[in-house]
Amino acid sequence: MSGRGPRRLAAPRAANVHAASDGRPTVVGGRAVEAVRESWLIEDRWWTDRPLRRRYWEVVTADWRDLVLFRDLVGGGWYAQR
């Protein structure tokens, strides 16, 4: 076991995403989305001044990249988690 602490998750970064009318990502960073593996909704901190509400999508692009994206449903904007 190494002396390092727990591994941190990658900080989200802004992503260029085109989505269908139902919110499903169709293009990410210029790459077509070939498949959606999973989608889920996170709602947290609703009792605070800074609620968190995100729709996550795990997708596979045409060049076989597996990406996890989310749409910030409070502030808007798309982000890549990995």
Side-chain angles (χ1 to χ4, degrees):
M1 184 160 138
S2 73
R4 294 183 290 179
R7 193 174 87 174
R8 300 183 82 186
L9 293 175
R13 62 191 184 287
N16 183 9
V17 176
H18 295 260
S21 60
D22 64 358
R24 180 181 46 85
T26 56
V27 178
V28 179
R31 298 179 190 95
V33 171
E34 292 294 317
V36 172
R37 290 183 184 253
E38 188 175 3
S39 177
W40 63 97
L41 180 67
I42 300 288
E43 295 180 292
D44 196 10
R45 301 190 309 229
W46 49 267
W47 60 92
T48 72
D49 292 349
R50 297 186 61 205
L52 180 102
R53 190 161 187 260
R54 298 173 175 174
R55 167 63 66 185
Y56 279 84
W57 301 86
E58 182 179 1
V59 301
V60 178
T61 60
D63 59 352
W64 300 103
R65 293 176 191 234
D66 185 42
L67 303 173
V68 175
L69 313 165
F70 68 86
R71 170 90 172 147
D72 181 343
L73 301 175
V74 175
W78 281 94
Y79 299 86
Q81 191 70 51
R82 68 172 164 132

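Side chains included, hydrogens not; waters and symmetry mates left out as well; all remaining heavy atoms used.
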Chemist: Hey, are the side chains of Trp57 and Val36 touching, using non-hydrogen atoms and a 4.5 Å cut-off?
Modeler: yes
Chemist: May I ask you to check whether over 12 heavy atoms, not counting those of Asp22, lie within 6.0 Å of atom CG?
Modeler: yes
Chemist: Report yes or no: does Arg45 contribute a side-chain atom to a donor-acceptor pair with the main-chain N or O of Arg50 at less than 3.5 Å?
Modeler: yes
Chemist: Measure the CZ-CG distance between Arg53 and Asp44 for me, rounded to the nearest 0.5 Å.
Modeler: 12.5 Å
Chemist: Calculate, to the nearest 0.5 Å, the distance between atoms CZ and CH2 belonging to Arg55 and Trp78 respectively.
Modeler: 9.5 Å
Chemist: So which heavy atom on Trp46 is nearest to which on Pro51, and how close?
Modeler: CA-CB, 4.0 Å
Chemist: What residues join Leu41 in its hydrophobic cluster, counting side-chain heavy atom gaps under 4.5 Å, either direct or through other members?
Modeler: Leu73
Chemist: Which residues, ordered by chain and number, are linked to Trp64 in its hydrophobic cluster, where ILVMFWY side chains connect at heavy-atom gaps below 4.5 Å, directly or through other members?
Modeler: Val60
Chemist: What verdict does the side-chain contact (heavy atoms from CB on, under 4.5 Å) test give for Val33 and Val28, after you've listed the backbone C-alpha separation in whole Å, the side-chain angles of each residue and the deciding distance to 0.1 Å?
Modeler: CA-CA 7 Å; Val33 171; Val28 179; 3.8 Å; yes
Chemist: Roughly how far apart are Tyr79 OH and Arg71 CZ, rounded to 0.5 Å?
Modeler: 9.0 Å
Chemist: Taking all heavy atoms of Ala15 and all of Ala80, pick out the closest pair and write down the distance.
Modeler: CB-N, 3.9 Å
Chemist: Using the test side-chain contact (heavy atoms from CB on, under 4.5 Å), find all partners of Arg65 that sit at least two apart in sequence or belong to another chain.
Modeler: Arg31, Thr61, Asp63, Leu67
Chemist: Answer with yes or no whether the hydrophobic clustering places Val59 together with Val17; edges join I, L, V, M, F, W, Y residues whose side-chain heavy atoms lie under 4.5 Å apart.
Modeler: yes
Chemist: Considering all heavy atoms of both residues, which atom of Glu34 and which atom of Ala62 are nearest to each other, and what is their separation?
Modeler: CG-CA, 3.4 Å
Chemist: Are Leu52 and Phe70 grouped together when hydrophobic residues (ILVMFWY) are joined by side-chain heavy atoms under 4.5 angstrom apart?
Modeler: yes
Chemist: Classify the angle between the aromatic ring planes of Trp40 and Tyr56 as parallel (below 30°), tilted (30 to 60°) or perpendicular (above 60°).
Modeler: parallel
